[in-house]
Trainee: 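Dropping a structure here in structure tokens format, bear with me for questions.
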2 protein chains.
Amino acid sequence: MADGYHHGNLRAAVLERAAEVITEKGPYGFSLRSLAADLGVSHTAPRYHFGSREGVLNALATEGFTELADRLRINRDARGGFLEAGVVYVDFAIDFPAHFTVMFEPSLLDQDDPGLRAARVAAFAELRSGVESLAEEGRGVADGPAAVVAGWSIVHGLATLALTGNLDVSGVRELFGDTDLPTITRRSAGLLFGPSDPPPDNEVE
Amino acid sequence: MADGYHHGNLRAAVLERAAEVITEKGPYGFSLRSLAADLGVSHTAPRYHFGSREGVLNALATEGFTELADRLRINRDARGGFLEAGVVYVDFAIDFPAHFTVMFEPSLLDQDDPGLRAARVAAFAELRSGVESLAEEGRGVADGPAAVVAGWSIVHGLATLALTGNLDVSGVRELFGDTDLPTITRRSAGLLFGPSDPPPDNEVE
DNA sequence: GTCCGGAACTATACAGCGGCAAGTTACCAC
DNA sequence: GTGGTAACTTGCCGCTGTATAGTTCCGGAC
């Protein structure tokens, strides 16, 4: 395939490189032309596969929702429960920062894309089932809707703050010493619906 | 001042219009040139006041941190407590959506700007004091650092999800009927550190 | 009153960008 | 070998941010 004229696997290569660039410089720093130059193809080659710049971002978001849904489903099948679903959510954001950023920034996307809509619906369904698993854990709360919002908000907020560096720049991260993010997630989200373990001794207070 | 040549109050006008555009089309749909055209000045006029496109966004972010700190301080002076500090945070995001978006997206900003740093430090100090007011409420939690992260994350996550429209598009908003956002905030964040009120009857379950 | 300096703009130029239309290459089926 | 099609390239357009040089206007010094 890769014969000097045809790249052979351009679609996948574009998505991979786009994710790298967005991770480094944010969605605004991502340009189709410099991306094409990086891959050694003409500046309109990506357009053939994605139609537009927005098309690349849509593809990334779709990939992201699919991956997130997969991970949440695996956790559900393993009876991971609410807290571990939260860890899965935050871990996903750290593993796929560019995808996560694009997924939740609708101004970057074409909302009418059916593929995107379907992937998002599937992911949201898994997400809600994660919070609803609280009932199975015998920790059901009186205010169901509030529990869904609280559960989603706390992990989404934590993921967003960690990803954008605001956890570090605010000094909040220092409070935890060198505790890793999954542990921080468990301890913080654990405050939501039940008693939490006391913090270890090796931390700043 | 406004003599046909000199605008007279261009700096403020640029910030106001920039906030409008970003609110409508997101931070990536905002262009200096179209903004200058809207205001009837040459396309380099904004550059005189802000140096660059980034400079406009930095000014917006600085304004935002200052406003947020002010609101949080007023709540603290009024002994509003943790939950109302959370409502203040979410309300701020709704009242100043463009500012909020830019404030927490570092890839849009020049982090070395001293004015921005100072405003952010002041706002974060107020923020932490909001969570720490939990102790005064006699609802102190064993895990202090986790409480700070949990408190901030839940309101930041809720504000972000509401602002980006993800609360609506996910169907989560429907669970609350036409309940307003401050109430949703109180009920959700209220699950964090204490018992919550049961939901009213007029909601979907 | 006029001279001068600085603040607040405009004019012009340039490279990089996304999108579009038309042309090119390589393969594959027949 | 011929036709068709998928995967590209080339050339162009208007828009964008940035840089530099020039213009307008106000205010104070004298």
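Every chain is numbered from 1 and lettered A, B, ... according to where its sequence line falls, protein lines coming before strand lines. This one's a predicted model, so the numbers in the text were calculated from it and none came from an experiment.
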Trainee: Could you check how far CG of B/Asp38 sits from C1' of D/dT16, rounded to whole Å?
Mentor: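 Answer to the nearest Å: 15 Å.
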
Trainee: So, under a plain 3.5 Å distance rule, would you say the side chain of B/His43 forms a donor-acceptor pair with the base of C/dT12?
Mentor: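 Answer is yes: a donor-acceptor pair is held.
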
Trainee: Would you sort out whether A/Glu54 and A/Leu109 count as a side chain to side chain contact (heavy atoms under 4.5 Å, CB included), showing the intermediate values?
Mentor: CA-CA 6 Å; A/Glu54 202 179 49; A/Leu109 304 173; 5.6 Å; no

Trainee: Answer yes when A/Arg71 and A/Asp95 have at least one side-chain N-carboxylate O distance shorter than 4.0 Å, and no when they do not.
Mentor: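 Salt bridge flag = yes for A/Asp95 with A/Arg71.
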
Trainee: Show me the dot-bracket string of DNA chain D, counting Watson-Crick or G-U pairs under 3.5 Å, with | for pairs to another strand and [ ] for crossing ones.
Mentor: ||||||||||||||||||||||||||||||

Trainee: What integer distance in Å separates B/Arg11:CZ from C/dA8:P?
Mentor: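 My rounded result for the distance is 11 Å.
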
Trainee: Using whole Å, what does the distance between atom P of nucleotide C/dG18 and atom CZ of A/Phe50 come to?
Mentor: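 Value for this atom pair: 14 Å.
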
Trainee: Considering only D/dT18, C/dG19, D/dT10, which nucleotide approaches the side chain of A/Ser42 most closely?
Mentor: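 Looking only at heavy atoms from C-beta outward on A/Ser42, the closest nucleotide is D/dT10.
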
Trainee: Please tell me which of the listed nucleotides, D/dC8, C/dA13, C/dC17, lies nearest to the side chain of A/Arg33?
Mentor: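 Closest of the options to the side chain of A/Arg33: C/dC17.
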
Trainee: Base of C/dA11, side chain of B/Thr44 - is there a donor-acceptor contact under 3.5 Å?
Mentor: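 Yes, a donor-acceptor pair under 3.5 Å.
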
Trainee: Within the structure shown, what part of the strands sits under 4.0 Å from A/Arg53 by heavy-atom distance: base, sugar-phosphate, or nothing?
Mentor: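 Sugar-phosphate, no base atom in range.
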
Trainee: How close or far is atom P of D/dT16 from atom OH of A/Tyr28, stated in whole angstroms?
Mentor: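 Whole-Å distance recorded here is 10 Å.
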
Trainee: Could you tabulate the donor-acceptor pairs under 3.5 Å formed by side-chain atoms of residues 10-19 of chain B, not counting sequence neighbours?
Mentor:
| from | atom 1 | to | atom 2 | distance (Å) |
| --- | --- | --- | --- | --- |
| B/Arg17 | NE | B/Asp38 | OD2 | 2.9 |
| B/Arg17 | NH1 | B/Glu20 | OE1 | 2.6 |
| B/Arg17 | NH2 | B/Asp38 | OD2 | 3.0 |

Trainee: Taking any heavy-atom pair under 4.0 Å as a contact, classify B/Ser31: base, sugar-phosphate, or nothing.
Mentor: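 Answer is sugar-phosphate: B/Ser31 comes under 4.0 Å of backbone atoms only.
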
Trainee: Given side chain to side chain contact (heavy atoms under 4.5 Å, CB included), test A/His49 with A/Val56 step by step and report yes or no.
Mentor: CA-CA 9 Å; A/His49 293 278; A/Val56 178; over 6 Å; no

Trainee: Report yes if the side chains of A/Leu192 and A/Leu83 come closer than 4.5 Å at any heavy-atom pair, otherwise no.
Mentor: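 No. Closest side-chain heavy atoms not under 4.5 Å.
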
Trainee: Please tell me if the side chains of B/Val90 and B/Pro182 come closer than 4.5 Å, counting only heavy atoms from C-beta onward.
Mentor: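 No, side chains not in contact.
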
Trainee: So, do B/Phe96 and B/Phe100 have ring centers that fall under 6.0 Å from each other?
Mentor: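 No: the rings miss the under 6.0 Å criterion.
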
Trainee: Between A/Glu54 (CD) and C/dC20 (P), how many Å, whole number?
Mentor: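 A/Glu54 atom CD is separated from C/dC20 atom P by 12 Å.
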
Trainee: Below the 4.0 Å mark, does C/dA8 have OP1 or OP2 next to a side-chain nitrogen or oxygen of B/Tyr48?
Mentor: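 True: B/Tyr48 side-chain N/O within range (under 4.0 Å) of C/dA8 OP1/OP2.
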
Trainee: Taking CG from A/Leu57 and C1' from C/dG18, how many angstroms apart are they, rounded to a whole number?
Mentor: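 After rounding, the reported distance stands at 12 Å.
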
Trainee: Within the pair A/Arg47 and C/dC20, is there a side-chain N or O less than 4.0 Å away from OP1 or OP2?
Mentor: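 Yes.
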
Trainee: If each of A/Leu10 and B/Leu32 is mapped to the nucleotide of DNA chain D with the nearest heavy atom, which maps nearer the 5' terminus, i.e. the 5' end?
Mentor: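 Going by which nucleotide is closer to the 5' end, it is A/Leu10.
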
